[in-house]
2 protein chains.
Amino acid sequence: MISTAPRRNSSGLARDIEILEVLGGPEATQNEGLGVIQVAQLTGRDKAVVSRSLATLADAGLLVRDEVTLGYRLGARLYALAARTSESRLVSASRSHLRRLALSTRETTHLCVLRGGNVLTVMSELSPHEFRTTGWEGVTTAAWRTPSGRVLLSDWDRASLSRWYDEHGRDVAIVGPTDPVMARTGFAVLRTPPEDKAVVTDFESLLDELARIRSRGYATLDEELELGVVGASAPVRDLTGRIIAAINVSAPKARIGERLDGLGRYVAVAAEELSRQLGVGHGVG
Amino acid sequence: MISTAPRRNSSGLARDIEILEVLGGPEATQNEGLGVIQVAQLTGRDKAVVSRSLATLADAGLLVRDEVTLGYRLGARLYALAARTSESRLVSASRSHLRRLALSTRETTHLCVLRGGNVLTVMSELSPHEFRTTGWEGVTTAAWRTPSGRVLLSDWDRASLSRWYDEHGRDVAIVGPTDPVMARTGFAVLRTPPEDKAVVTDFESLLDELARIRSRGYATLDEELELGVVGASAPVRDLTGRIIAAINVSAPKARIGERLDGLGRYVAVAAEELSRQLGVGHGVG
DNA sequence: GGGAGAGTTGCCATATGCGCAACTGCCATT
DNA sequence: AATGGCAGTTGCGCATATGGCAACTCTCCC
C-alpha cells in the first residue's frame with residue numbers, strides 16, 4: 001500500500017460512504033431502515049445535508065427508501081456491485097474448501113483479506129458447536145493483531161511493511177460486530193490481551209513473527225487476542241504466488257490443547273489446495 | 001408525496017457511480033482491472049476528471065488499484081457493506097415473496113435455512129386454508145429428510161456431504177414445535193414414513209436425489225415424511241451464488257394431486273426472483 | 001388546537017470540482 | 001541515444017455545486 005496521505009478532497013464522497021456504512025451497520029439492519037434524523041445523528045452532520053445526500057443516493061439506486069416509514073436501507077444496485085467484486089468470486093471459489101475444513105476440524109473457519117490496516121472476514125463457516133446463526137462476514141479487525149492479518153502481511157517487503165506499520169501499527173479496533181447489543185455495550189470492541197501472551201508488540205517483533213510465519217507456512221495465535229481462544233491461519237495465493245487471502249480456524253483453547261501446531265499444518269494444507277484450485281480455476285466456469 | 005423527480009443535483013455522485021458500474025462490467029472483471037484512459041473512454045469523460053475520481057474512490061476503499069498494472073477494480077469495502085447485511089436482508093426481502101406465493105398457491109409457504117444437521121424454519125406464511133395461529137418458525141427438522149434440507153445440501157461438494165452425512169445422517173428428530181401442546185404430547189416429534197415412500201435411505205440415494213434436485217432446480221417430497229403431505233422446495237442464492245435458504249410449499253396431497261411437479265417449477269421461479277433481488281444475476285452471470 | 005418531531009426547501013457565501021493544457025514517466029522504435 | 005507515442009498526474013482560473021442555517025410543511029399525538 002502507498003498513500004503517504006496526500007489528503008484528497010473527496011468531501012462529498014466521504015460523507016456518502018459514511019452514510020452507506022451507517023446504513024450497513026447494526027442500527028439499520030434491525031428495523032425498517034433509518035430515517036434522516038437518525039443518520040444525521042449517527043454521522044454528526046446537518047439533517048439538511050443528510051436529507052439531500054440520502055435522496056441522491058436513493059436516486060442513484062444505492063439506497064432504497066421505504067415509502068411508508070420513510071426509512072432508508074441499502075439498495076439493489078449496491079448489492080449488484082458487491083457481487084462483481086473479486087472478493088465475491090474468491091468467496092464462491094473457496095466455499096467448499098472452507099466448509100470441508102469446518103466439518104473435519106469441527107471448528108469455525110474464516111476466509112480473510114486485507115483491507116487497509118484491517119483484516120476483513122469475507123466468509124465464515126460455523127463449527128457444529130456454534131449456536132450463533134450469523135458469522136463474522138464483514139467484520140474487520142486490526143490486522144497485525146490477528147493470525148490472518150500477519151499471514152496476509154507475510155509476503156510484503158520490509159519497506160512497505162514499515163510504511164504500513166507507521167500508518168496502522170497503533171490500530172486496535174475490532175469493528176462492526178453485527179449484534180447491536182454487543183455494539184452498544186462495547187463488549188466486543190476490544191478486550192486487552194494479557195501482557196505476557198503478546199507476541200507482537202512493536203515493529204521488530206512483528207517482523208520476527210512474520211519471518212516465523214514464512215518459515216512455517218502458517219501462523220498461530222495462542223490467547224493473544226482473547227483469553228481462551230486460539231487460532232491458526234495459512235496463506236492463499238493466486239497463480240502469481242501473491243498472498244491474496246488467509247484461511248483461519250478459531251477455537252476454544254480447551255478443545256485444541258497441545259494440537260495447535262498440528263492445526264496450523266492442517267490449515268496450511270487446506271490453503272494450499274485452495275491456492276492450487278485458484279491457479280487452475282481460470283478456465284473453469 | 002414523493003417521487004416527482006425534482007431534478008437532483010448529484011453532479012459528482014452520478015459520475016462516481018457510473019465509474020463503479022463500468023468497473024463492475026465485463027471489461028473490468030475479466031482482466032487486471034481498467035486503466036484511467038479506458039474508464040475515461042467508457043464513460044465519455046475527461047481523463048483528468050476520471051483520474052481524480054478514481055483516486056478518490058480508491059482512497060475511500062470502494063476501488064482497489066493494482067500496484068503493478070495501475071488498473072482499478074472494485075474494492076473489498078463494497079463487498080463488506082453487502083456481506084454484513086445479508087442475513088437481515090434475506091428476511092426482509094423474503095416476506096413479500098412468501099406471502100405472494102402463499103396467496104397464489106393457497107398453501108403454506110416456509111423459508112428455511114440449514115443449521116448444523118437440521119433445517120430451521122425462519123419464516124412461514126400460512127395458507128388461507130390454515131386455521132392455526134402459529135407457524136413453524138423456529139422448528140427444526142433433520143435436514144436430509146425434508147425437501148428444503150435437500151435443496152440446501154444440493155450445492156455441497158461430495159467430500160463435505162460425506163462428512164456431513166457421517167455426522168448427521170442418522171438424525172431423525174423433528175425438534176421443537178412452537179405449539180406447547182404439540183411439544184407436550186410429542187405429537188410432532190416423529191412419524192415414521194411408509195417404507196415404500198422413502199426416496200432417501202442412505203448416502204448413495206441422498207446423492208442421487210441431490211443430483212436430481214440440481215438438474216430440475218427444485219425438490220419435491222411425496223408423502224415421504226408424513227402421510228398425505230407433499231411439498232416442493234427451491235433454492236435461494238445470495239450474491240455469490242451460494243444457496244443460503246430454501247423456499248418451501250407444503251400441502252395436503254389431496255389438494256395438489258398430479259400437480260406436484262408444476263408446483264415445484266412454480267416455487268423455483270419464486271425462489272429465483274428472490275435470489276435476483278438479493279443480487280444474483282446482476283453480477284457474476 | 002397546538003406542540004413536538006421528522007423531513008424538505010430557499011438562500012447565500014464559499015469551497016469544490018470541471019476542463020484545458022502542460023507536465024512526468026515509461027516503453028518501443030529507429 | 002534520441003524520438004515519439006501512450007498512460008497518467010497536476011496546476012490553474014472560473015463557474016457552480018455544496019454546506020449550513022433557518023424557515024417551512026406535514027403528521028402524529030396529547
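Here is how names work: the chains are called A, B, and so on, in the same order as the sequence lines, proteins then strands, and each is numbered from 1.
- A salt bridge between A/Glu18 and B/Arg77 is absent, with no side-chain N of the basic residue lying under 4.0 Å from a carboxylate O of the acidic one.
- With D/dG8, D/dT10, C/dT8 as the choices, the nucleotide that has an atom nearest any side-chain atom of A/Val36 turns out to be C/dT8.
- One can place CD1 of B/Ile37 at 14 Å from C1' of C/dT24, the figure rounded to the nearest angstrom.
- Closest to the A/Arg52 side chain, of the nucleotides D/dG19, C/dG19, D/dG8, is D/dG19.
- For D/dT9, the OP1/OP2 oxygens have a side-chain nitrogen or oxygen of B/Arg65 closer than 4.0 Å.
- For B/Arg15 and C/dC18, the shortest distance from a side-chain N or O to OP1 or OP2 is below 4.0 Å.
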* Asked: Does the pair A/Gln38 and A/Tyr72 meet the rule for a side chain to side chain contact (heavy atoms under 4.5 Å, CB included), with working shown?
  -> CA-CA 10 Å; A/Gln38 290 171 286; A/Tyr72 286 96; over 6 Å; no

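- In this structure, CZ of B/Arg45 is placed 12 Å from C1' of C/dG17, rounded to the nearest angstrom.
- Note: CD (A/Gln41) to C1' (C/dG5) measures 11 Å, nearest angstrom.
- For the residue pair B/His110/B/Glu125, the side-chain donor-acceptor check at 3.5 Å is not satisfied.
- Taking atom CG on B/Asp46 and atom P on C/dC18, their separation rounds to 10 Å, with Å as the unit.
- The listed nucleotides are C/dA22, C/dG7, C/dG19; the one nearest the side chain of B/Lys47 is C/dA22.
- In this structure, CG of B/Leu13 is placed 17 Å from P of C/dT16, rounded to the nearest angstrom.
- Pairing each heavy atom of A/Ser88 with each of A/Ala82, the nearest pair is CB-O, 3.6 Å.
- A close approach under 4.0 Å does not occur between any side-chain nitrogen or oxygen of A/Ser51 and OP1 or OP2 of C/dG7.
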